[in-house]
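Indexing begins at 1, ligand by ligand and atom by atom, following the structure's order. The structure presented is a predicted model; accordingly, all values stated were derived computationally and were not measured. Throughout, residue positions are numbered sequentially from 1 according to the sequence presented.
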Amino acid sequence: MKHLVDAWALLTRSERWRAFAVMVLTLFGAAAEALGIGLVFPFISLLGDPGPIVANPLFQTVYAASGAPSLEKFVLIGAVALIGVYVAKNLFLGFLYFMQARFVCGVEARLGTDLLAMYLRSPYVARLQRNSTEQLRMITAEVGRATAGFILPVVALLTEGLVVLAIAILLFAVQPKVTLAALCFVGVTGWVLQRGFKRKLGEEREARSRSNIDMFKWAGQGMGALKEMKVLGREDHFVSGFARSSAIYARATGIFNAISLLPRLVVETLAITVLLSLVALALATEQRMDQLLPMLTLFGLAAARIMPSTARIVGATSTIRYYASSVAAVAADLTQADPQAARTPGAHGTRPRRAFERLELANVFFRYPGAADDGLKGVTLAIRRGEMVAVVGRSGSGKTTLGDTILGLLAPQRGSVRINGAEVASLHDEWPGLCALVPQDFFLLDDTVRRNVAFGIPDEAIDDARVWQALRAARVEARVQRLPEGLDSLVGERGAMLSGGERQRLSIARALYDAPDILVLDEATSALDPSTESEILDTLESLAGSTTVVLITHRLAAAQKCGRIILMQAGAVVRDGPTAGADMGQVLDALVETDSASRATRA
Ligand SMILES: Nc1ncnc2c1ncn2[C@@H]1O[C@H](COP(=O)(O)OP(=O)(O)OP(=O)(O)O)[C@@H](O)[C@H]1O
Ligand SMILES: [Mg+2]
């Protein structure tokens with residue numbers, strides 16, 4: 001019940017109306033099923049022993065209305081009408097199943113989209129607290145489980161439950177005692193089966209779920225670390241890990257499925273028992289067989305219809321148990337989100353750009369969620385339009401954290417970040433195109449060069465001239481010109497078809513495409529040779545005046561290209577001033593740990 005409430009809460013208003021409509025249709029479906037079976041009874045009776053039927057006043061009305069010249073002709077008309085009823089009923093049921101599936105799939109698509117929108121639009125800090133593979137799994141797997149694994153089985157349970165109920169009512173009306181006895185039998189066996197296998201089913205379900213997660217981990221991590229794995233020759237470790245998990249999965253699934261099939265066998269046994277008992281009863285009471293025929297047909301048809309229903313009900317019940325937790329997981333993620341985040345599209349590109357003058361950080365403190373120490377400790381600095389600033393410091397001193405704070409990705413717990421003197425709540429909404437970043441761990445799309453540079457811009461809005469211009473500035477134009485399909489060339493998964501340095505320059509071109517006011521480069525030239533690096537820095541220098549560059553680097557040569565050096569140590573700025581006259585010994589000290597080149601220089 002709790003999961004049902006959760007699932008209901010997941011639906012939007014219009015989806016709830018559609019759910020309601022589907023339920024009403026389902027009710028009609030069940031009635032149609034019962035009607036189909038029920039009509040066979042009088043029909044067969046007419047064939048066997050018409051006496052009692054003909055005496056029925058309702059029959060007489062129908063008979064008279066049909067205008068049939070004889071009872072034989074009427075039976076013929078009846079047969080055709082019955083076929084018509086079945087065709088109509090099954091057309092309706094086909095429509096019903098389609099509507100049900102469409103409803104559930106629609107909910108699935110909408111939930112996945114909302115989740116993705118929420119993950120992408122929520123603040124960057126949220127991402128630090130969540131594993132991205134886990135979020136990916138929420139969208140691709142959990143949403144499907146919550147819908148196809150929960151909502152759809154609930155719909156199926158409702159549908160089949162109503163069918164069985166309708167047929168049971170019909171049978172009860174015709175043969176109360178036998179039906180009651182059969183229902184008791186089903187109830188008792190069902191209860192015994194459920195008691196007997198409950199623990200086993202629970203265990204297997206648990207084992208299946210655990211081993212399935214392990215399978216994903218072995219396969220995913222093996223492929224993720226492919227290069228290291230091959231060099232170290234550790235393929236077997238991952239393959240055998242996967243084999244162990246999938247063996248457990250296979251065994252658990254086998255047992256699980258076998259147990260799930262039991263109820264069908266029970267119902268079948270019951271059906272044949274009831275049918276033959278009816279015959280035995282008739283023989284014992286010396287009833288005529290042609291009187292018994294309609295009854296047998298009715299029970300036979302009912303059994304034939306109930307059997308698949310039972311299978312579906314049992315299947316749906318165990319699926320619901322298995323996947324109910326997914327509903328809670330999806331609900332938890334969707335409800336914890338800022339409700340606006342999932343729906344309002346980003347305003348990027350829709351507002352006029354303003355002139356950037358000045359960025360100020362005043363006594364900024366930032367601590368990563370769950371961290372024991374502050375990442376930034378009282379940072380105060382100002383960067384003016386057109387400046388080119390180097391940020392140096394040892395690994396872990398807080399350079400990336402500072403860059404992310406400048407960009408508004410991380411919101412400080414204390415202190416303020418102001419642009420043109422005003423605090424900015426959401427950089428990318430209020431200042432579209434203000435900033436660009438070349439991250440330390442950039443990510444290329446498995447797509448064309450063009451779409452990698454003009455990142456996230458619809459094809460029709462991409463300006464090829466600007467793409468080329470960005471490629472030229474990033475010193476990768478010549479390489480792209482040599483590619484067989486130019487801008488349309490694919491770069492492979494994470495840019496696997498390019499060299500490390502080419503990948504990095506593509507990521508620089510991406511940052512330059514929008515001609516940002518503030519450009520943060522986080523170790524953006526680490527994979528480049530000194531002369532290419534120097535060329536790129538020259539380009540950046542030529543942008544100075546319009547573009548403000550914050551260059552996070554471990555290289556002395558790069559830092560010296562900038563007019564100003566900010567030195568970070570343990571989250572604090574320990575030096576901030578012009579490059580000329582800087583105590584290079586101190587700067588080198590900060591770099592020495594990670595840059596062997598500068599170590600050589602110092603020596
Ligand atoms: N998500 C996080 N959660 C907790 N601590 C973090 C997180 N990210 C970084 N840190 C810590 O914050 C400190 C500053 O990290 P930061 O990435 O800013 O260093 P950095 O100067 O860029 O180093 P590098 O030169 O190695 O890139 C480090 O001690 C790091 O371990
Ligand atoms: Mg860093």
Completion exercise
In terms of its nearest heavy atom to atom 25 (O) of ligand 1, the top option of Gln569, Lys399, Met568, Glu523 is Lys399
Practice task
Please state whether the separation between the Mg ion (ligand 2) and some N/O/S atom of Thr400 is under 2.8 Å?
Solution key: yes
Practice task
Quickly, which of Ile566, Leu402, Val520 forms a side chain to side chain contact (heavy atoms under 4.5 Å, CB included) with Ile552? Name it, please.
Solution key: Val520
Identify all side-chain donor-acceptor contacts of residues 385-392 below 3.5 Å with residues at least two apart in sequence or on another chain.
from, atom 1, to, atom 2, distance (Å)
Arg385, NH1, Phe356, O, 3.1
Glu387, OE1, Arg384, N, 2.7
Glu387, OE1, Arg564, NH1, 3.1
Glu387, OE2, Arg564, NH1, 3.0

Problem - For Thr401, the ligand 1 atoms whose distance to one of its heavy atoms is below 4.0 Å - result: 14 (C), 15 (O), 16 (P), 18 (O)
Exercise for the section: Decide whether the shortest distance between a heavy atom of Ser397 and an atom of ligand 1 is less than 4.0 Å. Expected result: yes
Practice task
Would you check if the Mg ion (ligand 2) lies under 2.8 Å from any N, O or S atom of Ser395?
Solution key: no
Practice task
Output yes when Asp373 and Lys377 qualify as a salt bridge under the 4.0 Å nitrogen-oxygen rule, no when they do not.
Solution key: yes
Exercise for the section: Please check if the side chain of Thr532 supplies one atom and the backbone of Leu528 the other of a donor-acceptor pair under 3.5 Å. Expected result: no
Practice task
Would you give the length of the straight line joining atom OH of Tyr368 to atom CG of Leu410, rounded to the nearest 0.5 angstrom?
Solution key: 5.0 Å
Exercise for the section: Answer yes or no: is there an ion pair linking Arg210 with Asp214, defined by an N-O contact shorter than 4.0 Å? Expected result: no
Practice task
May I ask you to list the atoms of ligand 1 that are less than 4.0 angstrom from any heavy atom of Gln440?
Solution key: 24 (P), 27 (O)
Handout entry: N or O contact, Gly396 vs ligand 1, cut-off under 3.5 Å
Key = yes
Problem - His554 neighbourhood, listing ligand 1 atoms whose heavy-atom distance to it stays under 4.0 Å - result: 25 (O)
Exercise for the section: For Gly398 and ligand 1, answer yes if some heavy atom of the residue is under 4.0 Å from a ligand atom, otherwise no. Expected result: yes
Handout entry: Glu204 and Arg208 ion-paired at < 4.0 Å
Key = no
